[in-house]
Amino acid sequence: MDKPSSWEKILHHLKTRIDERDFENWFRDSKQRAETADGIVVQVKTPLFVDYISQSFAEAIAEAAAHAGLSDREIRFAGADGNVSTTVAPNKVVAAEVRKKTSGLNSAYTFEQFVTGESNRLAHAAALRVADQNARQYNPLFVCGTTGLGKTHLMQAIGHRRLSRRPGDKVIYLTSETFVNEVVQGVRFNRMDTVRGRFRAADILLLDDVQFVVGKEASENELFHTFNALYDVGNQIVFSSDVPPREIPGLTDRLKSRFEGGLIVDVQTPDFETKVAILRSKAELQHAVLEDDVAFFLAGKIKSSVRELEGYLNRVIVFSSLRGEPISLDLAREALKDVLRLQEHAASPAEILRGIAHHYGLKPADLKARTKRAPVVFARQVAMYVLKESANLSFPEIGRLFGDKHHTTALHAVRKIAAKREEEPELDRLLQSFIAQYR
(Lines give C-alpha, C1' and ligand atoms only; values in the text may rest on other atoms or scores of the structure.)
Protein backbone atom coordinates (compact mmCIF):
# COMPACT_ATOMS: atom_id res chain seq x y z
CA MET A 1 0.00 0.00 0.00
CA ASP A 2 1.31 3.43 -0.91
CA LYS A 3 2.28 5.70 1.95
CA PRO A 4 -0.31 8.51 2.37
CA SER A 5 0.81 11.93 1.23
CA SER A 6 1.04 14.83 3.67
CA TRP A 7 -2.16 16.29 2.25
CA GLU A 8 -3.97 12.97 2.71
CA LYS A 9 -2.89 12.98 6.36
CA ILE A 10 -4.32 16.48 6.74
CA LEU A 11 -7.56 15.45 5.01
CA HIS A 12 -7.94 12.57 7.46
CA HIS A 13 -8.13 15.05 10.34
CA LEU A 14 -10.05 17.68 8.36
CA LYS A 15 -12.99 15.27 7.89
CA THR A 16 -13.75 15.48 11.60
CA ARG A 17 -13.68 19.28 11.69
CA ILE A 18 -16.06 20.36 8.94
CA ASP A 19 -19.51 19.38 7.74
CA GLU A 20 -19.56 16.16 5.69
CA ARG A 21 -21.27 17.88 2.75
CA ASP A 22 -18.68 20.67 2.75
CA PHE A 23 -15.92 18.06 2.70
CA GLU A 24 -17.51 16.29 -0.27
CA ASN A 25 -18.14 19.50 -2.19
CA TRP A 26 -14.79 21.22 -1.70
CA PHE A 27 -12.13 18.63 -0.84
CA ARG A 28 -13.12 15.29 -2.33
CA ASP A 29 -11.11 15.70 -5.56
CA SER A 30 -8.22 17.70 -4.13
CA LYS A 31 -4.80 16.08 -4.40
CA GLN A 32 -1.21 16.81 -3.47
CA ARG A 33 0.82 17.98 -6.45
CA ALA A 34 4.17 18.70 -4.87
CA GLU A 35 5.92 18.96 -1.51
CA THR A 36 9.05 20.70 -0.26
CA ALA A 37 10.62 20.98 3.17
CA ASP A 38 8.46 23.99 4.01
CA GLY A 39 5.38 23.68 1.84
CA ILE A 40 2.71 21.48 0.25
CA VAL A 41 1.08 22.32 -3.09
CA VAL A 42 -2.52 21.08 -3.36
CA GLN A 43 -4.40 21.04 -6.64
CA VAL A 44 -8.13 21.82 -6.63
CA LYS A 45 -10.61 22.13 -9.48
CA THR A 46 -10.95 25.84 -10.23
CA PRO A 47 -9.90 29.30 -9.07
CA LEU A 48 -13.24 29.50 -7.24
CA PHE A 49 -12.16 26.51 -5.14
CA VAL A 50 -8.80 28.11 -4.43
CA ASP A 51 -10.35 31.31 -3.08
CA TYR A 52 -13.27 29.74 -1.22
CA ILE A 53 -11.25 27.01 0.50
CA SER A 54 -8.59 29.41 1.73
CA GLN A 55 -11.16 31.95 2.96
CA SER A 56 -13.67 29.59 4.58
CA PHE A 57 -11.62 26.66 5.87
CA ALA A 58 -8.24 28.16 6.76
CA GLU A 59 -8.64 27.61 10.49
CA ALA A 60 -9.95 24.05 10.12
CA ILE A 61 -7.11 23.18 7.72
CA ALA A 62 -4.57 24.69 10.08
CA GLU A 63 -5.90 22.66 13.02
CA ALA A 64 -5.93 19.48 10.90
CA ALA A 65 -2.34 20.15 9.82
CA ALA A 66 -1.30 20.60 13.44
CA HIS A 67 -2.89 17.27 14.40
CA ALA A 68 -1.13 15.62 11.45
CA GLY A 69 2.21 16.99 12.69
CA LEU A 70 2.54 19.34 9.71
CA SER A 71 1.97 22.77 11.26
CA ASP A 72 5.38 23.90 9.99
CA ARG A 73 4.35 23.53 6.32
CA GLU A 74 2.63 26.20 4.28
CA ILE A 75 -0.25 24.80 2.23
CA ARG A 76 -0.47 26.36 -1.22
CA PHE A 77 -3.60 25.88 -3.30
CA ALA A 78 -3.55 25.83 -7.09
CA GLY A 79 -6.23 25.54 -9.74
CA ALA A 80 -6.09 23.13 -12.66
CA ASP A 81 -4.13 25.72 -14.64
CA GLY A 82 -1.23 25.24 -12.23
CA ASN A 83 -1.11 28.78 -10.92
CA VAL A 84 -0.56 28.92 -7.16
CA SER A 85 -2.60 31.81 -5.86
CA THR A 86 -3.40 31.30 -2.18
CA THR A 87 -1.47 30.07 0.83
CA VAL A 88 -2.58 28.85 4.25
CA ALA A 89 0.15 29.00 6.90
CA PRO A 90 -0.99 26.83 9.84
CA ASN A 91 1.48 28.25 12.33
CA LYS A 92 0.15 31.76 11.62
CA VAL A 93 -3.56 31.00 11.22
CA VAL A 94 -3.91 29.22 14.54
CA ALA A 95 -1.57 30.53 17.21
CA ALA A 96 -1.50 28.45 20.37
CA GLU A 97 -3.24 31.03 22.52
CA VAL A 98 -6.08 31.50 20.04
CA ARG A 99 -6.61 27.76 19.82
CA LYS A 100 -6.76 27.58 23.59
CA LYS A 101 -9.34 30.36 23.85
CA THR A 102 -11.70 29.48 21.04
CA SER A 103 -11.44 25.70 21.51
CA GLY A 104 -13.25 24.45 18.43
CA LEU A 105 -15.07 27.57 17.22
CA ASN A 106 -15.65 27.80 13.48
CA SER A 107 -14.77 31.26 12.18
CA ALA A 108 -17.80 31.20 9.82
CA TYR A 109 -20.32 30.78 12.67
CA THR A 110 -20.84 34.36 13.82
CA PHE A 111 -23.91 36.48 14.50
CA GLU A 112 -23.08 38.57 11.45
CA GLN A 113 -23.55 35.50 9.24
CA PHE A 114 -26.67 34.20 11.05
CA VAL A 115 -29.88 35.01 9.17
CA THR A 116 -32.85 35.68 11.44
CA GLY A 117 -36.54 35.12 10.75
CA GLU A 118 -39.68 34.24 12.67
CA SER A 119 -38.39 30.70 13.10
CA ASN A 120 -35.32 31.67 15.15
CA ARG A 121 -35.87 35.25 16.34
CA LEU A 122 -36.33 34.44 20.04
CA ALA A 123 -33.35 32.07 20.11
CA HIS A 124 -31.20 34.69 18.36
CA ALA A 125 -32.20 37.43 20.81
CA ALA A 126 -31.52 35.22 23.83
CA ALA A 127 -28.14 34.17 22.44
CA LEU A 128 -27.15 37.81 21.93
CA ARG A 129 -28.07 38.67 25.51
CA VAL A 130 -26.04 35.74 26.84
CA ALA A 131 -23.05 36.62 24.66
CA ASP A 132 -23.11 40.20 25.94
CA GLN A 133 -23.55 39.06 29.57
CA ASN A 134 -26.78 41.02 29.83
CA ALA A 135 -28.99 38.13 30.90
CA ARG A 136 -27.61 36.24 33.87
CA GLN A 137 -31.08 34.81 34.48
CA TYR A 138 -30.69 32.87 31.20
CA ASN A 139 -28.39 30.34 32.83
CA PRO A 140 -28.36 27.81 31.46
CA LEU A 141 -29.55 28.76 28.00
CA PHE A 142 -30.99 25.65 26.37
CA VAL A 143 -31.40 25.77 22.56
CA CYS A 144 -33.46 22.99 21.01
CA GLY A 145 -34.50 22.12 17.46
CA THR A 146 -34.13 19.38 14.89
CA THR A 147 -30.91 18.76 12.99
CA GLY A 148 -29.67 21.32 10.49
CA LEU A 149 -31.57 24.42 11.63
CA GLY A 150 -28.62 26.44 12.95
CA LYS A 151 -28.23 25.49 16.62
CA THR A 152 -24.48 24.95 16.28
CA HIS A 153 -24.08 28.22 14.37
CA LEU A 154 -25.93 30.09 17.12
CA MET A 155 -23.94 28.50 19.93
CA GLN A 156 -20.61 29.23 18.31
CA ALA A 157 -21.73 32.78 17.54
CA ILE A 158 -22.15 33.24 21.29
CA GLY A 159 -18.54 32.16 21.77
CA HIS A 160 -17.18 34.46 19.08
CA ARG A 161 -19.10 37.48 20.36
CA ARG A 162 -18.09 36.85 23.97
CA LEU A 163 -14.43 36.74 22.94
CA SER A 164 -14.80 39.93 20.90
CA ARG A 165 -16.36 41.71 23.92
CA ARG A 166 -14.15 40.13 26.60
CA PRO A 167 -10.93 38.81 25.02
CA GLY A 168 -9.68 37.52 28.35
CA ASP A 169 -12.60 35.13 28.87
CA LYS A 170 -12.08 31.41 28.47
CA VAL A 171 -14.67 30.09 26.01
CA ILE A 172 -15.04 26.34 25.55
CA TYR A 173 -17.21 24.84 22.82
CA LEU A 174 -17.61 21.06 22.83
CA THR A 175 -19.73 18.52 21.04
CA SER A 176 -21.14 15.88 23.35
CA GLU A 177 -18.90 13.33 21.61
CA THR A 178 -15.80 15.36 22.49
CA PHE A 179 -17.00 15.81 26.06
CA VAL A 180 -17.55 12.06 26.48
CA ASN A 181 -14.20 11.23 24.85
CA GLU A 182 -12.34 13.61 27.16
CA VAL A 183 -13.99 12.05 30.20
CA VAL A 184 -13.18 8.53 28.94
CA GLN A 185 -9.54 9.46 28.31
CA GLY A 186 -9.34 11.17 31.69
CA VAL A 187 -10.56 8.06 33.47
CA ARG A 188 -8.42 5.71 31.37
CA PHE A 189 -5.15 7.58 31.90
CA ASN A 190 -5.87 8.77 35.44
CA ARG A 191 -5.94 12.46 34.58
CA MET A 192 -9.50 13.44 35.48
CA ASP A 193 -8.21 16.33 37.60
CA THR A 194 -6.80 17.90 34.42
CA VAL A 195 -10.04 17.33 32.51
CA ARG A 196 -12.14 18.76 35.36
CA GLY A 197 -9.85 21.74 35.67
CA ARG A 198 -10.27 22.58 31.98
CA PHE A 199 -14.07 22.31 32.00
CA ARG A 200 -14.52 24.21 35.24
CA ALA A 201 -12.16 27.03 34.29
CA ALA A 202 -14.57 28.08 31.53
CA ASP A 203 -16.17 31.50 31.71
CA ILE A 204 -18.69 30.15 29.24
CA LEU A 205 -19.21 26.47 28.39
CA LEU A 206 -21.04 25.61 25.15
CA LEU A 207 -22.07 21.95 24.95
CA ASP A 208 -23.67 20.87 21.66
CA ASP A 209 -26.11 17.94 21.30
CA VAL A 210 -26.17 17.28 25.02
CA GLN A 211 -28.72 14.46 24.54
CA PHE A 212 -25.86 12.17 23.50
CA VAL A 213 -24.29 12.39 26.95
CA VAL A 214 -27.35 10.66 28.43
CA GLY A 215 -26.82 7.01 29.34
CA LYS A 216 -23.05 7.36 29.76
CA GLU A 217 -22.77 7.23 33.55
CA ALA A 218 -19.31 8.71 34.10
CA SER A 219 -19.93 11.53 31.61
CA GLU A 220 -23.38 12.30 33.07
CA ASN A 221 -21.89 12.49 36.53
CA GLU A 222 -19.06 14.75 35.35
CA LEU A 223 -21.53 17.01 33.53
CA PHE A 224 -23.65 17.31 36.67
CA HIS A 225 -20.71 18.39 38.83
CA THR A 226 -19.27 20.66 36.11
CA PHE A 227 -22.66 22.36 35.82
CA ASN A 228 -22.81 22.94 39.57
CA ALA A 229 -19.25 24.30 39.69
CA LEU A 230 -19.84 26.79 36.87
CA TYR A 231 -23.32 27.80 37.98
CA ASP A 232 -22.27 28.42 41.57
CA VAL A 233 -19.71 31.05 40.49
CA GLY A 234 -22.06 32.64 37.94
CA ASN A 235 -20.36 31.39 34.78
CA GLN A 236 -22.55 30.84 31.73
CA ILE A 237 -23.59 27.45 30.39
CA VAL A 238 -25.28 26.91 27.01
CA PHE A 239 -26.69 23.57 25.87
CA SER A 240 -28.25 22.42 22.63
CA SER A 241 -30.37 19.38 21.92
CA ASP A 242 -32.74 18.12 19.26
CA VAL A 243 -35.61 18.13 21.80
CA PRO A 244 -36.47 20.01 25.03
CA PRO A 245 -35.05 18.55 28.29
CA ARG A 246 -38.31 16.87 29.31
CA GLU A 247 -38.31 14.91 26.04
CA ILE A 248 -34.75 13.57 26.24
CA PRO A 249 -35.11 9.82 26.85
CA GLY A 250 -33.43 8.57 29.99
CA LEU A 251 -32.40 12.00 31.30
CA THR A 252 -31.98 11.88 35.09
CA ASP A 253 -34.16 14.12 37.22
CA ARG A 254 -31.17 15.99 38.63
CA LEU A 255 -29.93 16.97 35.17
CA LYS A 256 -33.44 17.70 33.91
CA SER A 257 -34.06 20.17 36.73
CA ARG A 258 -30.80 21.97 35.95
CA PHE A 259 -31.38 22.06 32.18
CA GLU A 260 -34.83 23.57 32.78
CA GLY A 261 -33.64 26.08 35.36
CA GLY A 262 -32.77 28.88 32.92
CA LEU A 263 -34.31 29.68 29.54
CA ILE A 264 -35.38 27.16 26.89
CA VAL A 265 -35.68 28.48 23.33
CA ASP A 266 -36.35 26.58 20.15
CA VAL A 267 -35.17 26.98 16.58
CA GLN A 268 -37.95 26.04 14.19
CA THR A 269 -38.06 25.21 10.50
CA PRO A 270 -37.49 28.47 8.57
CA ASP A 271 -40.30 29.90 6.50
CA PHE A 272 -39.92 30.47 2.78
CA GLU A 273 -38.78 34.08 3.09
CA THR A 274 -36.11 33.19 5.64
CA LYS A 275 -34.80 30.39 3.43
CA VAL A 276 -34.48 32.84 0.54
CA ALA A 277 -32.63 35.29 2.80
CA ILE A 278 -30.26 32.51 3.94
CA LEU A 279 -29.54 31.56 0.34
CA ARG A 280 -28.76 35.16 -0.60
CA SER A 281 -26.45 35.54 2.40
CA LYS A 282 -24.56 32.32 1.65
CA ALA A 283 -24.29 33.15 -2.05
CA GLU A 284 -22.94 36.61 -1.28
CA LEU A 285 -20.21 35.10 0.90
CA GLN A 286 -19.11 33.05 -2.11
CA HIS A 287 -19.39 35.99 -4.51
CA ALA A 288 -22.10 34.16 -6.44
CA VAL A 289 -24.99 35.91 -8.22
CA LEU A 290 -28.33 34.35 -7.30
CA GLU A 291 -31.35 35.59 -9.25
CA ASP A 292 -34.86 35.47 -7.76
CA ASP A 293 -36.01 32.47 -9.77
CA VAL A 294 -33.06 30.35 -8.62
CA ALA A 295 -33.40 31.42 -4.97
CA PHE A 296 -37.14 30.68 -5.04
CA PHE A 297 -36.56 27.32 -6.71
CA LEU A 298 -34.02 26.22 -4.08
CA ALA A 299 -36.06 27.56 -1.15
CA GLY A 300 -39.14 25.78 -2.45
CA LYS A 301 -37.40 22.44 -2.84
CA ILE A 302 -35.68 22.26 0.55
CA LYS A 303 -38.39 21.82 3.15
CA SER A 304 -36.54 21.93 6.45
CA SER A 305 -32.79 21.79 7.00
CA VAL A 306 -30.72 24.94 6.63
CA ARG A 307 -27.65 22.72 6.33
CA GLU A 308 -29.25 20.91 3.41
CA LEU A 309 -30.17 24.25 1.86
CA GLU A 310 -26.55 25.41 2.04
CA GLY A 311 -25.32 22.09 0.69
CA TYR A 312 -27.55 22.33 -2.36
CA LEU A 313 -26.46 25.91 -2.97
CA ASN A 314 -22.82 24.81 -2.82
CA ARG A 315 -23.58 22.07 -5.32
CA VAL A 316 -25.10 24.60 -7.73
CA ILE A 317 -22.15 26.99 -7.34
CA VAL A 318 -19.64 24.19 -7.96
CA PHE A 319 -21.64 22.99 -10.99
CA SER A 320 -21.69 26.55 -12.35
CA SER A 321 -17.93 26.86 -11.90
CA LEU A 322 -17.18 23.54 -13.58
CA ARG A 323 -19.47 24.35 -16.50
CA GLY A 324 -18.12 27.89 -16.82
CA GLU A 325 -21.70 29.15 -16.96
CA PRO A 326 -23.58 31.69 -14.83
CA ILE A 327 -26.07 30.34 -12.31
CA SER A 328 -29.51 30.06 -13.91
CA LEU A 329 -32.70 28.17 -13.13
CA ASP A 330 -31.96 25.59 -15.81
CA LEU A 331 -28.43 25.08 -14.49
CA ALA A 332 -29.73 24.70 -10.92
CA ARG A 333 -32.26 22.08 -12.06
CA GLU A 334 -29.50 20.20 -13.90
CA ALA A 335 -27.13 20.36 -10.91
CA LEU A 336 -29.73 18.99 -8.52
CA LYS A 337 -31.68 16.63 -10.76
CA ASP A 338 -30.32 13.47 -9.12
CA VAL A 339 -30.90 14.49 -5.52
CA LEU A 340 -34.27 16.13 -6.13
CA ARG A 341 -35.60 13.13 -8.01
CA LEU A 342 -35.45 11.19 -4.75
CA GLN A 343 -37.63 13.64 -2.85
CA GLU A 344 -40.03 15.13 -5.36
CA HIS A 345 -43.32 15.94 -3.69
CA ALA A 346 -45.86 18.23 -5.26
CA ALA A 347 -47.82 20.26 -2.73
CA SER A 348 -51.45 19.28 -2.34
CA PRO A 349 -54.20 21.86 -2.92
CA ALA A 350 -54.84 21.88 0.84
CA GLU A 351 -51.18 22.72 1.52
CA ILE A 352 -51.30 25.54 -1.02
CA LEU A 353 -54.45 27.00 0.54
CA ARG A 354 -52.94 26.81 4.03
CA GLY A 355 -49.73 28.51 2.91
CA ILE A 356 -51.41 31.38 1.08
CA ALA A 357 -53.99 31.91 3.83
CA HIS A 358 -51.18 32.07 6.39
CA HIS A 359 -49.28 34.63 4.28
CA TYR A 360 -52.30 36.95 4.33
CA GLY A 361 -53.10 36.36 8.00
CA LEU A 362 -56.19 34.28 7.22
CA LYS A 363 -57.44 30.74 7.68
CA PRO A 364 -58.18 28.40 4.75
CA ALA A 365 -61.87 28.59 5.70
CA ASP A 366 -61.76 32.37 5.18
CA LEU A 367 -60.75 31.86 1.55
CA LYS A 368 -63.78 29.64 1.01
CA ALA A 369 -66.26 31.87 2.85
CA ARG A 370 -68.94 33.81 0.97
CA THR A 371 -67.64 37.31 1.63
CA LYS A 372 -66.84 40.32 -0.51
CA ARG A 373 -64.33 41.86 1.87
CA ALA A 374 -61.56 43.14 -0.40
CA PRO A 375 -58.57 41.60 1.45
CA VAL A 376 -60.20 38.17 1.47
CA VAL A 377 -61.31 38.42 -2.16
CA PHE A 378 -57.79 39.34 -3.27
CA ALA A 379 -56.18 36.52 -1.24
CA ARG A 380 -58.72 34.09 -2.74
CA GLN A 381 -57.88 35.24 -6.25
CA VAL A 382 -54.17 34.79 -5.56
CA ALA A 383 -54.85 31.28 -4.25
CA MET A 384 -56.83 30.41 -7.37
CA TYR A 385 -54.02 31.72 -9.58
CA VAL A 386 -51.35 29.74 -7.71
CA LEU A 387 -53.47 26.57 -7.80
CA LYS A 388 -53.74 26.93 -11.55
CA GLU A 389 -50.01 27.57 -12.04
CA SER A 390 -48.61 25.15 -9.44
CA ALA A 391 -51.09 22.29 -9.33
CA ASN A 392 -52.35 22.66 -12.91
CA LEU A 393 -55.98 22.19 -11.81
CA SER A 394 -58.86 22.86 -14.18
CA PHE A 395 -61.12 25.84 -13.51
CA PRO A 396 -64.03 23.61 -12.39
CA GLU A 397 -61.69 21.81 -9.96
CA ILE A 398 -60.50 25.13 -8.54
CA GLY A 399 -64.08 26.33 -8.18
CA ARG A 400 -65.04 23.24 -6.21
CA LEU A 401 -62.22 23.89 -3.72
CA PHE A 402 -63.78 27.26 -2.87
CA GLY A 403 -67.26 26.22 -1.86
CA ASP A 404 -68.43 25.03 -5.28
CA LYS A 405 -67.93 28.36 -6.97
CA HIS A 406 -68.66 28.45 -10.69
CA HIS A 407 -65.67 27.81 -12.94
CA THR A 408 -66.04 31.27 -14.47
CA THR A 409 -65.24 32.77 -11.04
CA ALA A 410 -61.92 30.92 -11.04
CA LEU A 411 -61.27 31.93 -14.65
CA HIS A 412 -61.93 35.60 -13.81
CA ALA A 413 -59.62 35.42 -10.76
CA VAL A 414 -56.74 33.90 -12.72
CA ARG A 415 -57.04 36.45 -15.51
CA LYS A 416 -57.24 39.35 -13.06
CA ILE A 417 -54.15 38.26 -11.10
CA ALA A 418 -52.24 37.58 -14.33
CA ALA A 419 -52.94 41.16 -15.46
CA LYS A 420 -51.97 42.66 -12.09
CA ARG A 421 -48.80 40.59 -12.14
CA GLU A 422 -47.72 42.35 -15.32
CA GLU A 423 -48.23 45.76 -13.71
CA GLU A 424 -46.95 45.20 -10.16
CA PRO A 425 -43.35 43.95 -9.71
CA GLU A 426 -43.84 43.19 -6.02
CA LEU A 427 -46.85 41.00 -6.73
CA ASP A 428 -44.95 39.30 -9.54
CA ARG A 429 -42.12 38.50 -7.16
CA LEU A 430 -44.54 37.16 -4.54
CA LEU A 431 -46.26 34.94 -7.08
CA GLN A 432 -42.92 33.64 -8.31
CA SER A 433 -42.11 32.59 -4.76
CA PHE A 434 -45.49 30.89 -4.26
CA ILE A 435 -45.24 28.98 -7.54
CA ALA A 436 -41.64 27.87 -6.88
CA GLN A 437 -42.61 26.80 -3.37
CA TYR A 438 -45.63 24.70 -4.28
CA ARG A 439 -44.78 23.35 -7.75
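In what follows, every heavy atom counts, from backbone to side chain, and hydrogens, waters and symmetry copies are set aside.
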field: NZ (K216) with more than 12 external heavy atoms under 6.0 Å
entry: yes
task: May I ask you to decide whether E74 forms a salt bridge with R76, counting only side-chain N to carboxylate O separations under 4.0 Å?
output: yes
field: From CA spacing to verdict: side-chain hydrogen bond (donor to acceptor under 3.5 Å, both in side chains), Y385, R421
entry: CA-CA 11 Å; Y385 181 89; R421 184 177 183 179; 2.9 Å; yes
- request: Please determine, by modelled atom types, if Q113 and Y109 share a side-chain donor-acceptor pair under 3.5 angstrom.
  value: no
message: Between K337 and E334 (salt bridge meaning N to carboxylate O under 4.0 Å), is one present in this structure?
response: yes
message: Check this for me: does any side-chain nitrogen of one of R315 and E310 sit under 4.0 Å from a carboxylate oxygen of the other?
response: no
- request: If the plane angle is over 60° it's perpendicular, under 30° parallel, otherwise tilted; pick one for Y360 and F434.
  value: tilted
message: For the residue pair S320 / E325, report whether a side-chain donor-acceptor contact shorter than 3.5 Å exists.
response: no
query: Going through the distances and angles, do F199 and F179 end up as a ring-ring contact (aromatic ring centres under 6.0 Å, His included)?
result: CA-CA 9 Å; F199 291 159; F179 181 86; 4.8 Å; yes
query: Do you see a donor-acceptor pair shorter than 3.5 Å between the side chains of N314 and Q286?
result: yes
message: Are the side chains of I264 and P245 in contact, using a 4.5 Å heavy-atom criterion?
response: yes
- prompt: Passes salt bridge (charged side-chain N to carboxylate O under 4.0 Å, His left out), D208 versus K151? Steps please.
  reply: CA-CA 8 Å; D208 212 350; K151 301 189 302 296; over 6 Å; no
message: Quick one about N106 and Q156 (side-chain donor to acceptor, distance below 3.5 Å, no hydrogens or angles considered), yes or no?
response: no
message: Check this for me: does any side-chain nitrogen of one of D29 and K45 sit under 4.0 Å from a carboxylate oxygen of the other?
response: yes
- request: Take K420 and E423, measure what salt bridge (charged side-chain N to carboxylate O under 4.0 Å, His left out) needs, and give me the verdict at the end.
  value: CA-CA 5 Å; K420 289 178 73 69; E423 301 167 357; 5.9 Å; no
query: Does any N or O in the side chain of Q268 come within less than 3.5 Å of the main-chain N or O of L149, such that one atom is a donor and the other an acceptor?
result: no
- prompt: Do we see a donor-acceptor contact under 3.5 Å between the side chains of T146 and D242?
  reply: no
message: Please check this pair: side chain of N235 against backbone of A202, looking for a donor-acceptor N/O pair closer than 3.5 Å.
response: yes
message: Over 60° means perpendicular and under 30° means parallel, so tell me whether F227 and F239 are parallel, tilted or perpendicular.
response: parallel
field: side-chain contact (heavy atoms from CB on, under 4.5 Å) partners for T175, two or more places apart
entry: Y173, E177, T178
field: Any side-chain donor near an acceptor of the partner, S394 and E397, under 3.5 Å
entry: yes
message: Can you classify the ring geometry of F114 versus H124 as parallel (below 30°), tilted (30 to 60°) or perpendicular (above 60°)?
response: parallel
- prompt: Between E8 and K31, is the closest basic N to carboxylate O distance under 4.0 Å?
  reply: no
- prompt: Does D293 pair with R429 as a salt bridge, N-O distance under 4.0 Å?
  reply: no
- prompt: For atom CD of E284, is the number of surrounding heavy atoms from other residues, nucleotides or ligands below 6.0 Å larger than 12?
  reply: no
task: Show your working on salt bridge (charged side-chain N to carboxylate O under 4.0 Å, His left out) between E222 and R200 and close with a plain yes or no.
output: CA-CA 10 Å; E222 192 56 44; R200 299 178 193 184; 2.7 Å; yes
field: Non-hydrogen side-chain atoms of F297 and V316 separated by less than 4.5 Å
entry: no
